[in-house]
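Quick notes on the structure that follows.
All of these numbers come straight from a predicted model, not from anything done at the bench. Throughout, a chain's letter reflects where its sequence line sits, starting with A, and its residues are numbered from 1.
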Amino acid sequence: MSEKKTSSPSRRASGLLLVTIGITILLAGPILDMRTERKVRAMLLQVQEALQRYHIDEEIYPRRMQEGGSLVALLEDEGHLETSVLNPWSGERYGFEADPDYLSYRTDELAETYELIVTFPGSEEVQFRLDSTKNRSLE
Amino acid sequence: MIAIAWLIRSHHDRIRVQGSWPITVGEVRELLPEAHRLAVDSGPKQGLRVLDADGNQIGYAMRTMPHAREIIGYSGPTDVLVVFDEKDKGVGISLRHSYDTPSHVDDVKMEFLFLESWNGRTMQEIADITDLGDAEIYAVSGATRTSEAAAESVNYRVRMTKDAEATIDSGFSVRWQDFVLILILVIGAVFAFLKNKSVQKWRWIYSLTTIGVLGLWMGDLIAQSLLVGWVESRIPWSATPGLVIFVAAAFLIPWFTKQPIYCQFICPHGNLQRWTMKWLPAKWTKRLSKDDKWIGKSIPVLLLALVIAVSFLQLDFDLAGIEPFDAYLIKSAGIATIVVAVIGILLSLIFPMAYCKYGCPTGWLLEFVRRRSGKDRFSGRDWIGVGLLGLAVALYLIPQEVFLG
């Protein structure tokens, strides 16, 4: 390539645009992940609070181990959720089976403890764990 | 640059002190009616100075979470706001958000006798409490565990504050690596300032030494991840004084002497690229067009914008991956930094010093300082600096919810 004496504004603009798009793509993934993470945190706190209300009323936590959608439906049906919970991965109301759901609910044999586990999408790695024994806060 | 660094530091102090649930002036005003503004205290207390409308400090506020997260009530910890007046005496507490059972938390919130138990006590008196009963702080009937946990959280948080104040220890330590860094800096300065042939003929040995010792052995290259880490938390004066002097000199020497000492003499990656220039025949190299050079020079600037965005938004993005410097520590290097290093070196085979000229955000910062030295005219680089400062101000002032939902 030889050194050109005149400059081409359109070439510079398209080059700059290309670089900007590249950098934006680098940032887009972490920003989207962070947005989802914040929604997951908010959802977990809502579900945790509803589980505590359930426990006050029923003396035990829900007996059945289940995924997030069915747990939210149960808590809503029994009036323990003050506001409807949005599925953080789809942005829609929780409960549609087709929607992605990475929240699972576990309990012990006597339903005296609970565990809310969120895994990273597409993996078994735990992203958040909120339970009634060791991990009681997200802070 | 200093303004951007200050904004990043202030932003992270705010996040460190305020956490996920920032204290608002409205909350404090309920306990201290003259409160007008809150200022983050980045000292050991890690709380907020309460200011009146004239800017005078009239009190101090702190929250118990996340410090007291292990203190569990009935089913979870509770975040308590603790407010002191200007004489360091408690004026009240209030329960903020809680992971505990909502009905129990509501019971405690209604029990004013309990909430006023800390009023009139100094921080030291609260820190000295070992038994709640002896201190006449009584649990709330019907919410015993929740209220006891809230009380313990308050005492723990205040005790932690006093302990932190008492144990501030500079712990100044000098390691052998500090001496090696200073030696490399001094020898680099010799080559930068003594231009006679009898000195310069040894430069090739120094150049190889920087690659081997500073790069592959010590891995102490100046990088965005290092600079941002220091700005976000603190400069480790006492833990690694040699590295601090080394980095400070890399910025200050060009400022005072116009000599790009780090980029041109010390940087192992720069020196590696210089060796590739020497090994390959000059006829293999190519020159970029004026437009392509212009486009290439925008890359470090946009990378700096990315660094600012990552720092302010606290994104899960490893800044080491945008530069090749971590690749020198081969055992611990990530894929991204290795890819950047390899591509940078390969490109420098065709376009001499390609990475330094068109890819290095740290080099851009050092060059920015050097070119500003003794110059009164506002240049294009200054406008870019203003743009980066504008981005930092915007990210500092605009609530994170706007970007992160």
Side-chain angles (χ1 to χ4, degrees), chain A residues 1-39 41-42 44-45 48-57 61 80 82 88 91 113-114 130-139, chain B residues 19-21 63-79 97-105 286-307 309-310 313-318 321-322 336 350-351 358 400-401 403-405:
Chain A
M1 255 181 281
S2 62
E3 179 113 15
K4 286 180 188 169
K5 285 186 180 167
T6 55
S7 63
S8 158
S10 63
R11 183 175 172 79
R12 288 185 178 191
S14 53
L16 185 61
L17 183 66
L18 207 65
V19 176
T20 309
I21 289 171
I23 303 270
T24 308
I25 289 171
L26 281 180
L27 271 179
I31 287 180
L32 289 174
D33 287 349
M34 183 66 103
R35 287 177 75 96
T36 307
E37 186 184 312
R38 288 165 72 104
K39 287 177 190 164
R41 282 171 175 270
L44 274 174
L45 295 180
Q48 184 197 38
E49 203 172 309
L51 275 174
Q52 286 166 346
R53 288 204 181 90
Y54 184 101
H55 190 257
I56 296 280
D57 284 357
Y61 292 106
H80 299 296
E82 288 180 337
T113 61
Y114 73 84
L130 201 54
D131 57 46
S132 53
T133 52
K134 286 180 185 167
N135 309 287
R136 303 195 207 203
S137 84
L138 292 176
E139 286 188 72
Chain B
S20 314
W21 300 80
R63 59 186 290 244
T64 57
M65 286 288 275
H67 312 281
R69 61 174 164 259
E70 300 298 330
I71 300 174
I72 310 295
Y74 182 70
S75 61
T78 294
D79 190 17
H97 80 285
S98 178
Y99 296 86
D100 211 332
T101 307
S103 55
H104 296 170
V105 176
K286 295 190 183 302
R287 299 187 70 185
L288 286 173
S289 71
K290 207 174 168 185
D291 288 334
D292 291 340
K293 281 181 185 172
W294 187 90
I295 294 164
K297 283 179 179 171
S298 71
I299 295 173
V301 176
L302 289 167
L303 284 174
L304 283 172
L306 175 139
V307 169
V310 167
L313 300 177
Q314 295 181 285
L315 299 177
D316 185 14
F317 186 104
D318 186 2
I322 65 167
I350 307 164
F351 307 107
Y358 311 116
Q400 299 223 324
E401 290 72 27
F403 306 102
L404 300 174

Quick one: does any side-chain atom of B:D79 pair with a main-chain N or O of B:M65 as donor and acceptor, under 3.5 Å? yes

Tightest non-hydrogen contact, residues A:Q52 and B:Y99, listed as NE2-O, 2.6 Å

Bottom line for B:L313: the part with an atom under 4.5 Å from chain A's heavy atoms is both

Does any backbone or side-chain atom of A:R12 lie under 4.5 Å from a heavy atom of chain B? Answer side chain, backbone, both or neither. both

B:S98, part contacting chain A, at a heavy-atom distance under 4.5 Å: neither

Under 4.5 Å from any heavy atom of chain B, what part of A:S137 do you find: side chain, backbone, both or neither? both

Taking every heavy atom of A:Y61 against every heavy atom of A:Y54, the minimum-distance pair comes out as C-CE2, 3.6 Å

Taking only distance into account, with no hydrogens and no angle test, what donor-acceptor pairs under 3.5 Å do side-chain atoms of residues 20-32 of chain A form with protein atoms, sequence neighbours excluded?
from  : atom 1 : to    : atom 2 : distance (Å)
A:T20 : OG1    : A:L16 : O      : 2.7
A:T24 : OG1    : A:T20 : O      : 2.6

Just by distance, do the side chain of A:R41 and the backbone of A:L138 share a donor-acceptor pair under 3.5 Å? yes

For each of A:L45, A:D33, A:T36, A:L18, tally heavy-atom pairs with chain B at distances under 4.5 Å, and name the one with the top tally. A:L45

Most chain B-contacting option - heavy-atom pairs closer than 4.5 Å, from A:I56, A:T133, A:L130: A:I56

